[in-house]
Amino acid sequence: MLRRLATGLVVLWAAATAAYLALLAAPGDTVDSIIGEGADTPLIRSQIIREWNLDRPALVQYLDYLWRAAQGDLGRSYLLQRPVRDVIADQIGPTLTLAVTAAGLGIVLALVLAVTTRRPWARRVSSTTELVLVSTPSFLIGIVLLSVFSFSLGWFPVSGDQGVAALVLPAVTLALPVAGVLTQVLRDGLDRALDEPFVVTARARGLGERAVLVRHALRHALLPVITLIGWLFGVLLGGAVIIETVFGRPGLGQVTLQAVTSEDLPVVLAVVVFSAFVYVVINTLADLAYLVIDPRLRRS
Amino acid sequence: MTIALDRPLSLRLRRPSGGGVAAAAGFLVLALVAAATPSLFAGDPLAADPLHVLEAPSAAHWFGTDQLGRDVFDRVVHGARHSLLIGVVATGIAVSIGLLLGLLAGLSHKYADEALSRSFDALSAFPLLLLALLFVAVAGPGTVGLVIAIGIATMPNYARVVRTQTLVVRQAGYVTQAVAFGDSRPRLVFRHVLPNVLGPVPVLAVIGLGEAILAAAGLSFLGMGPQPPSPEWGAMLSEGRGYLSVAWWTTVLPGVVVTLTVISLTVVGRRLQRRFEGRLG
Amino acid sequence: MRRRSLLIAAVATALVAGCSGSGGTDSAAAGEPVSGGALTWAVETEPITLNPHQYAQAKARLLVWNNFESLLTHDDKGGYVPWLASGYEASADGLTYTVKLRTGVTFSDGTVFDAAAVKANIDQLLADGYAPAVAAVQLKNLKSVEVVDASTIKYNLTTPDVLILDFLSSPQGAIVSPKSLKEAKNLKAGGTDLAGTGPFVLDRYTPGQELHYKRNPSYRDRPAYLDEVTYRFLKESSVRVGALTSGQVQVIEGVPATDQAQITGNPALTLSKGLNSGSAYSYYFNVTHAPFDDIRVRQAFRDALDVDTVLQGVYRGTATRAWSVIGPTSPLYDKTLEGTYGGDAARANATLDAAGWNNKDADGYRVKDGKRLTVRLVQSAPFVRDRREILAQAVQAAVKQSAGIDLRVSVVDQGTAAAALEKGEYEVFDNSRADTDAGAALNLLLASNGAINRLGVQDKAIDGLLEKGQAAQEAAERVDVYKRLQQKVIADDSLILPLYAPADQIASSKKVGGLQFEPTAGVPGSAYTVWLSK
Amino acid sequence: MSELLVSVRDLHVTFPHRGGDVHAVRGIDLDIHRGECLAIVGESGSGKSVTARTLVGLAGPNAQVRSSRFEIDGRPGPFDWPKLRGGFVGLVMQDALVSLDPLRTVGAEISEVLKVHDIGDRKDRPARVRALLTAVHVPEPERRAAHRPHQLSGGLRQRALIASAIAAKPPLLIADEPTTALDVTVQAQILDLLAERRSTGETLLLISHDLAVVARLADRVLVMRDGQVVESGPTSSLLAAPEHPYTRQLLAAVPSAASRGRRLSAPAEPLAAAPASASAEVVVEAVGLRKRYGAHTVVDGVDLTVRRGEIVGLVGESGSGKTTVAQLLFGLTAPTSGTVAFEGAPWTGLKERRRRSRRRRLQLISQDPLSGFDPRWTVRRIVEEALPSVPAAELLERVGLGADVLDRYPRQLSGGQRQRVAIARALAPRPSLIICDEPVSALDVSVQAQVLDLLADIRAADGTALLFISHDLGVVHHLADRVLVMRDGAVVESGPVDDVFHHPQHEYTRALIDAVPTLEVSR
């Protein structure tokens, strides 16, 4: 566990440093970014440099950043003039709600589909649908859902983060491709598990097909799904940027996009570090989940 | 789908793809021909016609016209070159770097392997999109930034597969046997390890190409891709979005083409994968 | 010695000047004003700051006047009327402005509004690192501020500058409770803890989602009709229109040309437009290097483009063509420029032939000395609006077809754009400014040391005209100076290609009454005059 | 005649396949009487397992089953399979590690049978599970019930598997290769357990490739080959006087003490005489070999000498460290302490670079030859790689393979062919020592016979020394000159095979030999 913690810290540090270097190498200097489209005179520039301590060497700024970050101070947004921690904290709720709902929806959908579509024709229909879903740009899915269910039919609000109804379409959009992939993985896992000798034994005990599937095979099929948790996190967070744009939802995705395009360095760094942090946490959880599901891995 | 890889490359799916393989292969050939010689099939993708903007699909304009009166079908056909090229080059970057680092990790001693593997992990700690955004911030939006971004961001997937495969091959009986014949280390690597590691890579690359095209479309959608008036598919989708309520065809039709391309690549890739595994299994 | 008469503000219209005057929308259906109700208004842009001193987005202007007020405001003829002031007086030498303040006004946090409060605001604006752009531009000629008595304040200038009045009526000049200036948690970001004197009080801000204002019950005049108003941030125009047509919001601003038919075709909705103040959306030619260092190429570029056709294609007849760098609604606008240039492909080609660009390459572009006639336009993605990237593509196609000019358009992130501009790696710079006084915009754009002088022009004649314009206290004199300036940069030197006059659109349910555009600025006004019929 | 539990006539099982249907069972007749033990014996692909599974309706999802009569418990179909399975027929398969759900406790697995067949209620099931585990002699049943298969030893989990099969007290128990994956001593215990079940009146259908196992338990034997029954009859008479040539060949092919000095594939012919003598030069000599992984000592002080022309057997159960010894000798792993000298010169402690020139003198044949071939290479390339100067066909001829396999890929060959290619390759550089690590364990008896004969021929012709590692005492007794018995990393006994196997000194050796089921047959 200690080792895992250390590895996690190293990943965090590497992520922050890489992002720092990348942004240092980006075109345009920080002062330009802060000025944006506004007026640009030497007086203004010197004030900005003084305000943000930009006259220090890059290394000093970097070390200062690390030192503050270690203490939980992620700095202040150049653009929004607020502490980055507040910016992130304000926006994390909607993104988290979206991601968790979509993940839950995707997983449930995948479970139901993988278990129910065992007959050849159902399987064919389902796998074709999955293939289409995972091959379609998610923004296209979103746009089509939005046009049909919101603009034309008016069943769901157009956008924003106003209650449960507004969550339906974005969550579905994000969940569909996830469900597509997970169904494929689960079905594949079920197929493999059903080929195992213990399934023959289970059937030879008089167990019905459904019981074999749910009580024995499903648990084995879940193992490869757990290895996908890290991937799932990437899809959800990455997908959130696009989904939030399409549906006009607030959230981390919007913050990220805005921060990157306007080179709001402190926010970008915070998003990177945050993302790495969540990744480390989620992977640790995945490892633990592995131990719960597969006791063979519990050693010493 | 989204911008992260639609599935990890190491995932092997065993379902037969049925008769769709022929259709998929046919579509890919069509796309390739379009990419090679777009002018044979379509007119000037940049020819604006302010008097005929946002016209619905018709015999004259199969896919309708866009906000500048350009023929959407012409743009889609010409876009094949941009989009496929972006996908191919990005995948090429990812595969070559991934191959190199994966081999290096797989063949190195414990600590070097650990360090490399951790750095793949660190790279994977970011959603592809965030990574791509960062790279675009550095290299600037546009085709070059986009290609490098997707290339670097998808690299760890290949590196991991190659590393695992290298470890498997290293432990394989035939490598031990080759040692028994006194083969030197470089000889081992070049005669046995490398060829057997390389085997599955082209197949993965075909499937990965679909992912790269999707990722490129997503980034273009956010305005990080090729600049106007380039008829790149993602950029077309992004531009068309503003006119969705009045001209669905500027968004939906190029989108359908993207989907068909990715599906075709996946179907063909999986078929190749099955054949490949059948040959070795 | 000439004296400006002390203007006494007495009429009610002046009190609500911030929101009254020109551009009242069609609110006949909403009947007589009624009190009460909650309005939801979808806006395109989430302000990056809620502190009026930090104001930098024209799209955020409609929010500012809900809870803040400034000393003066504009009338619809380009003049100034008192708001928090009761009158003002300029000295004959133009170096001193004395402003009498209203009495009996309090901020929503209970603090009393007086001369000390005004001075506290100026002091804050000049504080190091607080508002560098305001200090360096709008207040650059301010020498000192004196509190004469509780209701009188005096601005001393280093050099005559009529634009100080523009400052006094600008969002940056809005008066914030000095108490909250001291106590605010994130002063530069603003928020619910900044108190103003306006008809509403900001009581909730959900970043990324919405701003919520409630009526200020102790407003010094007629209270606002609405109990509360919510501004929701919906970036996508299609989403805004969808939200309006499906009844989820009652008002939206920012309706692109292609979506306008959906509004006008719906009997329950109404659409109105207001032309913005400031500078027109124009292409500025970089004269520091080839090819636009040659006036013939600049003329040819303008001739090669049929602006009307392009605008028709992109904006479907909803855009107003601009003929000058100054917007057509400004009193400084020179109408005589209309129809004097452009839209003549034959002349463009002849001019380019004469200028030595007489060969064409395989792609149909003009070439001179082996170099293609390529000009670059770099747009910064975060600031692209009004489908200007589409417009650029239309211009691109047009100048290629008519004259073989290769216009390269790139939409890039802010850093890349800044770097390109810094290094001079552009030939075309596009910009529009929403300053209420067009003179302020021109100072930045055309002066040799102007902060946004992307023309790269260094012309004493231009600088001289700008200085005269800034000092001229008589309206007629100012108009004359700026006419000469426009003739110089548009007609004589062909430095600028004006394209269209930026406009704002408001679409609303017919149940909403009293929606207005702000005089002079031309942007949607605050919610003070708005009511919701039952 | 007593009551018929199962009666089948003219049973055909076909698996449709794109390249032509696979006709796995071709018209067999089968009767199982209450209280008897019937055995079906056959090599892989004979259709014995398919037959057994057909009896519980689990031949496979695509299997097409035809028969003129198919009666279970005196009734023809259609059957209520869920009820019959576990309730009337219990099934025990090979290797409980994979035949029990690895993610569930064995208690849950056993309890599941009770639940499915509605035996007892929720509360008393744990007690019933304990009773069942006790019945199959699992010590500490309470604790073991909470364990998962991987936490149990091979013997215990096989017992647990049997407990789950008999939980619903089915009259018929089908045991499909129940002891194949087990060490001999454990195998003996499981066979004892099955014998005990039989003696309590349970009916047993035993499926096995091993005649010796069958001999111990069965009343009647069916010998199957290519989906057909070639011979059947009471065990004693069938083993004593086999009528069908195939049965006879099968019996003759079993290596044992009795087969020593004789060709297994042609019983009439003697093997070429062994040239080994105690004075022949030493090819490999290991002194005090020790290998430790962390706190775990895998090889603990092994001394070993192999002389030119000698076959030295190394026997032991799984985990005894014999394969590690092979790796240490081969030089892929460095010993923690101890030394190996090869052909009189130091071998351990050298850099691989310095060993390289002598590498070709020491070859390796493993249990799984397929993994030892580069999958991209044809047989020709594989063999030519080993000795480019000699045509591959010539080398293959020596191991009894024709030129027709030259352009095939290894995976297109049968198991026996693969092992021959592996031998041809190992022989090519004329090594002085070949380390054979379980070279015949994966092969059927008749193929094993051919490969063992081949190895004996090679030793006789070239004087190549063999270190022959095996868990099968019969194989070692048949082939080797000397034998070392390993247990827990150490050699407990060594000496000439006949001395060790006929007069074992160490109690472990004795236990080992006692546990081996033997065929008492006259030839």
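Chain letters run A, B, ... following the sequence lines, proteins first, then strands; residues in each count from 1. Computed from a predicted model, the values in this text were never measured in an experiment.
Atom CZ of Phe277(A) sits in a sparse spot, with 12 or fewer heavy atoms from other residues, nucleotides or ligands closer than 6.0 Å.
For the pair Ser135(A) and Thr266(B), the tightest heavy-atom approach, listed with the atom from each and the gap, is OG-OG1, 4.2 Å. Pairing each heavy atom of Thr136(A) with each of Leu214(B), the nearest pair is C-CD2, 4.1 Å.
With a 4.5 angstrom heavy-atom cutoff, Val278(A) does not touch chain B via any of its atoms.
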Between Phe221(B) and Leu140(A), is the side-chain contact (heavy atoms from CB on, under 4.5 Å) condition met? List the steps.
CA-CA 10 Å; Phe221(B) 175 77; Leu140(A) 192 62; over 6 Å; no
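Note that CD1 of Ile242(A) is 7.0 Å distant from CG of Leu219(B), once rounded to the nearest 0.5 Å.
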